[in-house]
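Letters A, B, ... mirror the listed sequences (proteins, then strands); counts begin at 1. Note that these values count all heavy atoms, side chains included, but never hydrogens, waters or copies made by symmetry. Model, not experiment: these values are computed from the prediction.
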2 protein chains.
Amino acid sequence: MDEQALTDKLLNHAVGVTPQRLRIAAVMLDAPRHLSADQVLAKLNRDGGGVSKATVYNTLRTFTEHGLLREINVDGQRSFYDSTVAPHHHFYNPETGELMDIRADRIKVSGLPQPPDGTEAAEVEVIIRLRKRPAV
Amino acid sequence: MDEQALTDKLLNHAVGVTPQRLRIAAVMLDAPRHLSADQVLAKLNRDGGGVSKATVYNTLRTFTEHGLLREINVDGQRSFYDSTVAPHHHFYNPETGELMDIRADRIKVSGLPQPPDGTEAAEVEVIIRLRKRPAV
DNA sequence: TTCGTTGCAAAGGATTTGCACTTTA
DNA sequence: TAAAGTGCAAATCCTTTGCAACGAA
């Protein structure tokens, strides 16, 4: 995705465009990604710095609030940000910390009970925790 | 559950029995509960103190490691501990922070893709996020 | 006495916030 | 130039750890 496309994407989501946001967008929004704030910061620093930690955190939050990213919590330690915002599910490997997408149409969840009074289901999230397969 | 039953439960899980652990067990293990460490601490303090913050955290972790509790992460802020350790799923209300159990046999998840090489599915976790139902 | 537990306070990591400065519109 | 965004450091929140005192076997 070139700079113009990223710029358009930000503008379409009512997010102001700045050089820092474009750099973060280039890391997060040009392909399916699952990164923590720290990983984004590390990647930017590796490629020449220029974005502060606070700005990375604030920008990821801003992107999330505007529907450009999705926040995922799997381990209570840190949040991951997922560039795929359409509904889908995840494999999670606790040993490597890796998250993998599972397309929503692969998995069928049936038998959902009635949500409690006054509420409705907003989102169904399926996380499949992996473990090493024992040698056969 | 009386003190003797709680004592037995701890011993059955190879957890040493102390007055503090019994108090925490009385809060967490006598019925289905979903509480954060902070909520447990608050409840104990309200009922007369006597357990320190570190001990609450350490004890909840110990209980979890010994299979008396299950840790759940829904919001990246804090961990909840669930006294129901058998597999099951959850409704989560982000507005109230409330978690509700859904019995495992109510929900069927089908179409699970093949786990990545060298791994197998250890656990399938379904979280249904709720939102206020708009007035009709 | 010995080992496991406790409690306090300090340390730790992730994230946010205060505030002056800079950039964008 | 007003409004939005940035960066640094300090602050905050949740959780863990170090270590001396304690308690049960």
Ring pair (Phe, Tyr, Trp, His ring centres under 6.0 Å) partners of A:His34, counting only residues at least two apart: A:His90
Side-chain (B:Thr62) to main-chain (B:Asn58) donor-acceptor, under 3.5 angstrom: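 Yes, because the side chain of B:Thr62 sits within donor-acceptor range (under 3.5 Å) of the backbone of B:Asn58.
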Donor-acceptor contact present, side-chain B:His13 to main-chain B:His66, <3.5 Å: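 Yes.
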Does a side-chain N or O of B:Arg21 approach OP1 or OP2 of C:dT6 to a distance below 4.0 Å, or not?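 So the side-chain polar atoms of B:Arg21 do come within 4.0 Å of the phosphate oxygens OP1 or OP2 of C:dT6, strictly under.
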Taking only N and O in the side chain of B:Ser52, is any of them less than 4.0 Å away from OP1 or OP2 of C:dG7?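 So the side chain of B:Ser52 is within the cut-off, an N or O lying under 4.0 Å from OP1 or OP2 of C:dG7.
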A:Asp101 vs A:His89, test: side-chain hydrogen bond (donor to acceptor under 3.5 Å, both in side chains). Steps then yes/no. CA-CA 6 Å; A:Asp101 285 334; A:His89 306 298; over 6 Å; no
Derivation and outcome, side chain to side chain contact (heavy atoms under 4.5 Å, CB included), residues A:Thr96 and A:Leu130: CA-CA 10 Å; A:Thr96 63; A:Leu130 300 173; over 6 Å; no
Does a salt bridge link A:Arg33 with A:Asp30, judged by any charged N lying under 4.0 Å from a carboxylate O? yes
Is it true that A:Arg70 and A:Glu123 have a side-chain N and a carboxylate O under 4.0 angstrom from each other?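 Yes.
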For residues B:Phe91 and B:Leu99, determine if any side-chain heavy atom of one lies less than 4.5 Å from a side-chain heavy atom of the other.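 Sidechains of B:Leu99 and B:Phe91: no contact.
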Opening and closing nucleotides of DNA chain D in contact with chain B, under 4.0 Å to non-hydrogen atoms: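 Range of nucleotides touched by chain B: D:dC14 to D:dT17.
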Heavy-atom contacts, protein to nucleotides 12-25 of chain C, under 4.0 Å, summarised as B (base), S (sugar-phosphate only) or - (none) per nt, yield --SBBB------S-
